[in-house]
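Okay, structure first, notes after.
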Amino acid sequence: MVKTKLQPQRRRTSEPRRELELTCMSNLLSSTEERVYFKDLLSRFLFVSAGWIAAYAPGRAAEELIGKTDFDVFSDQHASTAFADEQQIIRTGEPIVGKVQRETYSGRADTWASTTKMPLRDERGRIIGTFGISRDITAQIRAENALADQALQLTSQNEALRKLDQLKDEFIGLVSHELRTPLTSIIGYAEMLSEDRLGRQDADRLVGVIERNAQRLLRLVGDLLILSRIQSGKMAMEFSTTDLAGIASNATEEMRPEAQRKHIDLALSATAVPGFAGDPTRIAQLLGNLISNAVKFTPDGGRVEVRLGMEGDQAVIAVTDTGMGIPAADRERIFDRFFRTENATRQAIPGTGLGLTITKAIVEAHNGTITVDSGEGRGSTFKIYLPLRGLPVLDTQHPADGNGAPGLAKSVSRRMSRFGNVGDPS
């Protein structure tokens, strides 16, 4: 009897408590900035907080969302993922805690959120839906991505510095060898010249050897100086009307003695190319580099061909050899300073790895391009394309400058900067 009399009293006590709980939850949901939701077993919204509406459905009322699903708010991809998570929670009773996910919308930028989802249970512990809370971590994710990008850049820079340091060490070794060999020869032949018993013919021969080795040293020092100017952006260019066919002929003839020594057939075929604005000295240098390389890397009895022609408004220079070719792994780096191919290193072929770097810089200073077609064991073809631009016409109508020269005729090299990287010769 006592138990029966207490039941109505408990019911009367629990009802105010339930009303209080509902009031508290209503106030919480309507005021909190946290993104809170409650859903039924079909993932339909029961309640959502003001913070959830502000973040995901701005301008809509809470009552408007009751009975709707994520498919009415988010993209299909996002809604499908959320539905799968909630059905898993309903099926297993296991919560999903701190899941980081990308939130995608239609017509809005994507964001990132950390979400915790729990099973919603009634008084008897039965699962009747799900509820969850999410926190915007977009700023955190962006910061982490930025840090990751910076770390990747630092790693890349460190690797580049490591490779550069390795190339520097290799370069020092190469230059030391390239300096030591001719210097040893010069010193040795100079000592032989000091002997009184040498005849005039022998003395002339020794002087010739000394001169060749001195020229070799001079070329090496010149390459180093040019490289320094390229890196500082001060490679001087002296533009004038350039006879490309004449330069190609001279460069070919300069290499003919070395080609004959190796029994290499060195041929030049050229069609008429009009004079254009170029630096004859630099173009002769780049042709000398390419022909010298072709002869150096072609075995005895091979062939090197220099071709000169036109394609549209460009002059085209091609140097083809039947040499060892360039491995595919090395082709991307052959224009890097100090770089030498594996074949050249393995066969101890002399060189500093500067020739092609300088060649490319000269080509680009003329607004041209250089390409290579090569394969290991099938030789190489280097092609240079140079635009056929004329020198600017001097305006003699302007008054002379302080030196008595026309105002626009001070220095062709300075006024030709639009053709390349014209810098201070110093």
Side-chain angles (χ1 to χ4, degrees), residues 174-175 178 182 212 214-259 266 268 270 273 275-297 304 306-308 315-321 334-340 350-372 380-389 412-413 416 419-426:
L174 286 170
V175 170
E178 292 293 311
R212 286 195 300 274
Q215 290 293 335
R216 180 177 172 184
L217 288 175
L218 188 61
R219 284 194 298 272
L220 176 58
V221 172
D223 284 351
L224 293 172
L225 180 60
I226 291 173
L227 179 66
S228 174
R229 288 176 174 172
I230 289 172
Q231 291 178 313
S232 64
K234 294 182 179 180
M235 184 174 68
M237 301 294 293
E238 297 292 335
F239 286 89
S240 63
T241 301
T242 301
D243 175 15
L244 194 55
I247 294 173
S249 177
N250 291 338
T252 303
E253 290 306 312
E254 286 179 6
M255 284 305 302
R256 195 167 299 283
E258 178 63 16
L266 176 58
L268 169 66
V273 175
F276 68 102
D279 185 328
T281 301
R282 297 300 189 200
I283 291 178
Q285 184 178 12
L286 74 84
L287 267 170
N289 284 342
L290 291 179
I291 299 172
S292 173
N293 277 354
V295 171
K296 180 165 60 176
F297 289 101
V304 173
V306 181
R307 299 189 306 277
L308 176 62
V316 182
I317 306 166
V319 179
T320 301
D321 63 61
I334 57 172
F335 295 106
D336 293 351
R337 56 183 177 174
F338 312 144
F339 179 75
R340 305 193 71 228
T352 59
L354 295 178
L356 288 178
T357 302
I358 293 170
T359 296
K360 184 179 181 182
I362 294 172
V363 171
E364 291 178 346
H366 287 79
N367 282 347
T369 56
I370 182 169
T371 65
V372 58
S380 304
T381 296
F382 285 84
K383 276 190 176 182
I384 295 171
Y385 299 86
L386 299 175
L388 295 174
R389 296 175 174 174
V412 170
S413 65
M416 290 298 294
F419 289 96
N421 185 13
V422 180
D424 186 344
S426 64

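Because only heavy atoms are used, hydrogens play no part in the values below, and waters and symmetry mates are left out as well, while side chains stay in.
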Note to self: So does Ala245 get a backbone contact from the side chain of Ser249, meaning a donor-acceptor N/O pair under 3.5 Å?
What the structure shows: no
Note to self: For a 4.5 angstrom cut-off between non-hydrogen side-chain atoms, does Asn293 reach Phe382?
What the structure shows: no
Notebook entry, point to check: Would you say the side chain of Val316 lies within less than 4.5 Å of the side chain of Tyr385, judging by non-hydrogen atoms?
Noted result: yes
Checklist line | Asn289 side, atom CG; Thr359 side, atom OG1 - distance, nearest 0.5 Å | finding: 4.0 Å
Check: Which residue pairs pass the salt bridge (charged side-chain N to carboxylate O under 4.0 Å, His left out) test when at least one of the two sits in residues 284-293, sequence neighbours left out?
Finding: none
Item checked: Contact list for residues 283-295, test salt bridge (charged side-chain N to carboxylate O under 4.0 Å, His left out), sequence neighbours left out -> none
Item checked: Ser292: partners by side-chain hydrogen bond (donor to acceptor under 3.5 Å, both in side chains), with sequence neighbours left out -> none
Check: With sequence neighbours left out, what residues match Thr242 under side-chain hydrogen bond (donor to acceptor under 3.5 Å, both in side chains)?
Finding: none
Check: Between atom CG of Leu286 and atom CG of Leu386, what is the distance when rounded to the nearest 0.5 Å?
Finding: 7.0 Å
Next item on the list: Would you please name every residue forming a side-chain contact (heavy atoms from CB on, under 4.5 Å) with Glu258, sequence neighbours left out?
Entry: Met255, Arg261, Lys262, Val295
Notebook entry, point to check: Who pairs with Glu253 by salt bridge (Lys or Arg N to Asp or Glu O under 4.0 Å), at least two apart in sequence or on another chain?
Noted result: Arg256
Item checked: Contact summary for Phe335 and Leu356, nearest pair of heavy atoms -> CD2-O, 3.5 Å
Check: Looking only at heavy atoms, which two atoms of Leu287 and Ala251 are closest? And how far apart?
Finding: CB-CB, 4.0 Å
Next item on the list: Find the distance between CD1 (Ile384) and CG (Leu244) and round it off to the nearest 0.5 Å.
Entry: 9.0 Å
Check: Can you list the residues that meet the side-chain contact (heavy atoms from CB on, under 4.5 Å) rule with Asp279, with sequence neighbours excluded?
Finding: Met237, Glu238, Thr281, Arg282, His366
Next item on the list: Provide the closest heavy-atom pair for Ala294 versus Val319 in the form atom of the first, atom of the second, distance.
Entry: CB-CG1, 3.9 Å
Next item on the list: Locate the shortest heavy-atom distance separating Ala284 from Ile247; write the atom from each residue and the value.
Entry: CA-CG2, 3.6 Å
Item checked: NZ on Lys383 to CG on Leu290, rounded to 0.5 Å -> 13.5 Å
Margin query: Using the side-chain hydrogen bond (donor to acceptor under 3.5 Å, both in side chains) criterion, which residues pair with Thr369? Sequence neighbours excluded.
Written below: none
